[in-house]
Amino acid sequence: MSTKISIIGAGLSGLAAAITLEKAGYKPVIFEATSEAGGRVKTDLFEGYQLDHGFQVLLDAYPKAQEYFKYDELQLQRILPGAILFNTGKSMIIGDPSRHMGFLFSTLFSGLASIKDVYLLWVLYRKLQKTRDEDIFKEEEISTLAYLRKRGFSNRIINVFFKPFFTGIFLENELKTSCRMFLFVFKMFGKGYATIPKGGMGELPLQLLKRLQHTTINYDSPIAKVEEGKLILKDGQEFTSDIILIATDVAGIFNKPQQKQLSWHSCETLYFETEQRKIKKRIIGLITDSNALVNNIFYPSSLGYESKGEKELLSVTVVREHSLSEDELVRKVSEELKGFCDIKELRYLKRFTICKALPSLTHLTHSWDEEHGRLGNTIYSAGDHQLYGSSNAALLSGEMASKAIIANLQKQKNRSKAVP
Ligand SMILES: Cc1cc2nc3c(=O)[nH]c(=O)nc-3n(C[C@H](O)[C@H](O)[C@H](O)COP(=O)(O)OP(=O)(O)OC[C@H]3O[C@@H](n4cnc5c(N)ncnc54)[C@H](O)[C@@H]3O)c2cc1C
């Protein structure tokens, strides 16, 4: 097992790849551009508050998350399966009636969902619980909006619930994302809960890191270029490697002729300190006005966090594009919070602008394959962009790419043994 395997990137996909390679007896070396692991999943401590880099959750029904993480050690904090919808000071609650009977009445009496909508939601929920994940990714690939219309949901529930809710998940506000993603996420919401570890989302990569025994990680080591059997760091240092797994967007590092540039959805999360919580429950708030800049709000301090700060913490996510300066953005967001949710007296803490938050993909798949993931003789690629934008996909792609590497190395070994 002396084969030199290098992994570029210590995000979830790179870490899952290292775990898989270690299990097969290899000792990979990771080159990570930044000073810490986690990639898009990180948590900062700021004035005593845990601030995730962008509002994100772990759906505890994700099959790969169940395999890779020890949930009890993460002390996952559940968010209620529903949302509070805000518009000009008024609010109503909508949710998953199969687990919270209280939500059934609020959903029906909100006037938002017709009886037909509730029935269609139930039918979809039942259908998906019986559908294998692989089969979800064989569904005809149309946009989520087209899919919802095709199934007969009313314009009202689409505009007032599906659009704001899934804008926060897809990080685009027109529901253009493939219906495969919608169906997978809807199934996961139906099977489990949206959760956040007690120590913040950054606990996820930290737990994976702890499992690595024979992996070397070189931090602050941005790779400038990859060639067959060779990595070149930005400072000019060169390393040879038998196998290279690029566990991040390959653009700029390795360019294949006619390779399409990946495009990304972006978002911003702003954190505020407040005296009181407008939403008492552990539930997400959505702004349903289609012209609003703010998409969703959540009070992380409603969860049992390890480090809670002194007051209440409010996270506010903006998906819509804008050209506002930081001051203008804070002013506009504060105005919207006051106008739509009656939330006042905020102290701005910090914002995270994430330009490459989720890959914008036209073809979503559940399975990594060599045709797309093998870039050369010795070069492979992994990351959520290979499958679909989610932490489950990041773990799955890292695992599948490294299993392909292990299988190919084994084949090579068998061939060389066969030669007399
Ligand atoms: C705001 C936001 C909200 C999200 N919400 C959810 C959610 O609710 N649920 C969900 O399942 N998923 C969510 N996601 C997606 C999820 O975070 C990603 O799918 C997952 O983290 C991707 O992991 P990855 O390893 O593929 O890539 P990354 O996390 O991007 O890791 C790539 C790593 O490679 C490193 N790197 C890049 N270039 C180089 C280089 N040249 N040399 C060396 N190292 C390099 C980077 O520093 C990084 O550490 C969200 C993401 C964001 C940003």
Side-chain angles (χ1 to χ4, degrees), residues 6-18 29-43 51-65 69 79 165-171 181 184-185 188-189 194-196 201-202 204-205 208-209 217-226 231-235 239 244-254 262 264-270 284 295-296 298 315 317-319 351-359 361 368 381-399 401:
S6 304
I7 300 171
I8 303 176
L12 296 182
S13 62
L15 295 171
V29 177
I30 300 181
F31 292 86
E32 166 54 47
T34 66
S35 57
E36 50 186 324
R40 276 168 272 162
V41 188
K42 284 182 185 150
T43 306
L51 308 185
D52 289 338
H53 289 208
F55 176 63
Q56 60 178 304
V57 295
L58 176 76
L59 298 183
D60 62 3
Y62 280 158
K64 281 295 149 191
F69 300 120
I79 297 173
F165 192 75
F166 281 91
T167 289
I169 293 170
F170 299 159
L171 304 182
M181 186 68 189
F184 178 67
V185 171
M188 294 298 125
F189 268 110
T195 66
I196 299 181
M201 290 297 285
L204 299 178
L208 298 184
L209 262 186
I217 308 190
N218 297 312
Y219 291 107
D220 298 310
S221 302
I223 299 294
K225 204 171 161 204
V226 161
L231 303 113
I232 305 161
L233 259 82
K234 284 215 169 125
D235 65 8
F239 291 88
I244 300 165
L245 173 63
I246 307 175
T248 183
D249 183 0
V250 303
I253 306 177
F254 180 81
L262 200 59
W264 293 83
H265 296 307
S266 58
C267 71
E268 280 174 287
T269 296
L270 292 84
I284 290 165
N295 169 252
N296 67 66
F298 183 67
S315 97
T317 298
V318 170
V319 175
R351 83 166 161 172
F352 291 90
T353 303
I354 303 132
C355 300
K356 292 185 171 184
L358 286 180
L361 305 169
W368 183 98
S381 156
D384 61 348
H385 61 279
Q386 289 277 327
L387 308 177
Y388 49 93
S390 106
S391 42
N392 190 67
L395 296 168
L396 180 62
S397 72
E399 179 187 295

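Order of appearance sets the numbers: ligands from 1, and atoms from 1 within every ligand. Atom set for the values below is all heavy atoms of this structure, side chains included, hydrogens, waters and symmetry mates excluded. Source: prediction; values computed, not measured.
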Do [X] and [Y] come close enough that some side-chain heavy atom pair is under 4.5 Å?
X	Y	result
L233	N218	no
P205	L12	yes
F239	S6	no
M188	N392	no
F184	Y62	yes
V41	L58	no
F55	N295	no

Nearest 0.5 Å, please: how far is [atom2] in [Y] from [atom1] in [X]?
X	Y	atom1	atom2	value
S391	L59	OG	CG	7.5 Å
D220	E36	CG	CD	10.0 Å
L204	K42	CG	NZ	13.5 Å

Does [Y] offer a backbone N or O that forms a donor-acceptor pair with the side chain of [X] under 3.5 Å?
X	Y	value
S397	G383	yes
E399	K64	no
D52	M201	yes
S221	F31	no

Exercise for review: Locate the shortest heavy-atom distance separating A10 from E32; write the atom from each residue and the value.
Suggested key: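 For A10 versus E32, the nearest heavy atoms are N-OE1, 2.7 Å.
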Practice item. Specify the closest pair of heavy atoms between R40 and P359, including all atoms of both residues, with the distance to one decimal. Key: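 Heavy-atom minimum between the residues: NH1-CD, 4.0 Å.
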Using a 4.0 Å cut-off to any heavy atom of [X], which atoms of ligand 1 qualify?
X	value
G39	29 (O), 31 (O), 48 (C), 49 (O)
I8	40 (C), 42 (N), 43 (C), 44 (N)
I354	1 (C), 53 (C)
F55	3 (C)

Identity and distance of the protein heavy atom lying nearest [atom]:
atom	value
atom 32 (C) of ligand 1	A247 O, 3.6 Å
atom 24 (P) of ligand 1	S13 OG, 3.6 Å
atom 23 (O) of ligand 1	A394 CB, 3.4 Å
atom 21 (O) of ligand 1	V41 CG2, 3.3 Å
atom 47 (O) of ligand 1	E32 OE2, 2.7 Å
atom 34 (O) of ligand 1	G9 CA, 3.2 Å
atom 31 (O) of ligand 1	G11 CA, 3.5 Å
atom 38 (N) of ligand 1	T248 CG2, 3.8 Å

Between [X] and ligand 1, which part of the residue brings a heavy atom under 4.0 Å of the ligand: side chain, backbone, both or neither?
X	value
F31	backbone
C267	side chain
I253	side chain
L358	side chain

Please determine if [X] has a nitrogen or oxygen closer than 3.5 Å to a nitrogen or oxygen of ligand 1.
X	answer
Y62	yes
S391	yes
R40	yes
T34	no
G383	no

Could you check which of [options] puts a non-hydrogen atom nearest to [atom]?
atom	options	result
atom 8 (O) of ligand 1	L58, V57, I223	V57
atom 39 (C) of ligand 1	S35, A33, G168	A33
atom 52 (C) of ligand 1	Q56, K225, H385	Q56
atom 19 (O) of ligand 1	D384, D249, L171, N392	D384
atom 51 (C) of ligand 1	A357, A224, A37, A17	A357

Practice item. Measure the distances from the heavy atoms of F352 to every atom of ligand 1 and state whether one is below 4.0 angstrom. Key: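 No, that is not the case, since the closest heavy atom of the residue is not under 4.0 Å from the ligand.
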